[in-house]
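Contents: one structure, followed by commentary.
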Amino acid sequence: MAVKERVGVVVSDKMDKTVVVAIENRSSHTKYGKIVVRTKRYKAHDEENKCKSGDRVRITETRPLSKTKRWMVAEIFGAKNG
């Protein structure tokens, strides 16, 4: 079975060992053809609190770690603009 992975931007790092990652999905509207941007937010486990707000990260699906946490930070690419 394939492991689910997503790449997104950290929008909140205020919790202990947890970050909120926003994933943008850009798709074309079926009828009108306009590009529609939908954003989904995932809570991800960050064991060493390395992630900062604005970082691009790769998250992978894992076992349930809490009521809302089902993802873990796999890789940090650094700041969004750099």
Side-chain angles (χ1 to χ4, degrees):
M1 188 168 83
V3 178
K4 290 184 187 176
E5 289 188 332
R6 305 277 188 268
V7 176
V9 179
V10 175
V11 292
S12 173
D13 62 343
K14 295 179 180 178
M15 294 173 274
D16 185 32
K17 297 186 181 183
T18 304
V19 291
V20 179
V21 181
I23 308 292
E24 270 190 4
N25 180 25
R26 293 172 182 265
S27 60
S28 180
H29 190 280
T30 52
K31 184 174 180 182
Y32 300 111
K34 181 177 178 174
I35 302 297
V36 181
V37 180
R38 290 193 176 93
T39 305
K40 187 157 183 179
R41 293 158 57 108
Y42 296 96
K43 289 189 180 72
H45 185 67
D46 178 22
E47 182 63 40
E48 293 148 14
N49 287 321
K50 285 185 177 178
C51 295
K52 299 297 172 211
S53 192
D55 286 355
R56 281 180 56 83
V57 294
R58 173 179 287 122
I59 58 175
T60 57
E61 197 172 38
T62 184
R63 65 182 176 84
L65 300 170
S66 73
K67 181 181 174 184
T68 56
K69 260 202 299 192
R70 270 90 175 121
W71 297 82
M72 184 179 289
V73 175
E75 185 179 355
I76 304 169
F77 299 119
K80 184 179 180 183
N81 299 332

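For reference, positions follow the sequence shown, starting with 1.
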**Asked** Between K69 and T18, does a side chain to side chain donor-acceptor pair (under 3.5 Å) hold up when you go through it step by step?
**Response** CA-CA 8 Å; K69 260 202 299 192; T18 304; 3.0 Å; yes
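- One distance of note links CG of D46 with CD of E48; it measures 7.5 Å at 0.5 Å rounding.
- Side-chain N or O atoms of D13 include none that pairs as donor or acceptor with a backbone N or O of V19 at under 3.5 Å.
- Separating the CG atom in L65 from the NZ atom in K17 is a distance of 11.5 Å, to the nearest 0.5 Å.
- Closest of all the heavy-atom pairs between D55 and K50 is OD2-O, 4.4 Å.
- Annotation: the span from H29 atom NE2 to K34 atom NZ amounts to 10.0 Å, rounded to 0.5 Å.
- To the nearest 0.5 Å, the span separating NE2 on H45 from SG on C51 amounts to 11.0 Å.
- With rounding to the nearest 0.5 Å, the separation of OG1 in T68 from CZ in R41 is 11.5 Å.
- Criterion: ILVMFWY side-chain heavy atoms under 4.5 Å apart, direct or through other members. Under it, V57 and Y42 are part of a common hydrophobic cluster.
- Scanning both residues, M15 and N49, for their nearest heavy atoms gives O-OD1, 4.2 Å.
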**Asked** Checking salt bridge (Lys or Arg N to Asp or Glu O under 4.0 Å) for the pair E61/R70: CA distance, chi angles, key distance, verdict?
**Response** CA-CA 6 Å; E61 197 172 38; R70 270 90 175 121; over 6 Å; no
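- When all heavy atoms of W71 and K4 are compared, the pair lying nearest together is CZ3-O, 3.7 Å.
- Taking hydrophobic clusters as Ile, Leu, Val, Met, Phe, Trp and Tyr residues chained together by side-chain heavy-atom distances below 4.5 Å, V20 does not share a cluster with I23.
- The nearest pair of heavy atoms linking V73 to A44 is CG2-CB, 4.0 Å.
- Smallest separation of non-hydrogen atoms from T60 and A74: CG2-CB, 3.8 Å.
- What you find for S12 and S53 is that their closest heavy atoms are N-OG, 4.4 Å.
- Salt bridge status for R38 with E24: absent, with no side-chain N to carboxylate O gap under 4.0 Å.
- Here the straight-line distance linking atom CZ of R63 with atom CE of M72 works out to 7.0 Å at 0.5 Å rounding.
- Both I59 and I76 are members of a single hydrophobic cluster when ILVMFWY side chains are connected at heavy-atom separations under 4.5 Å.
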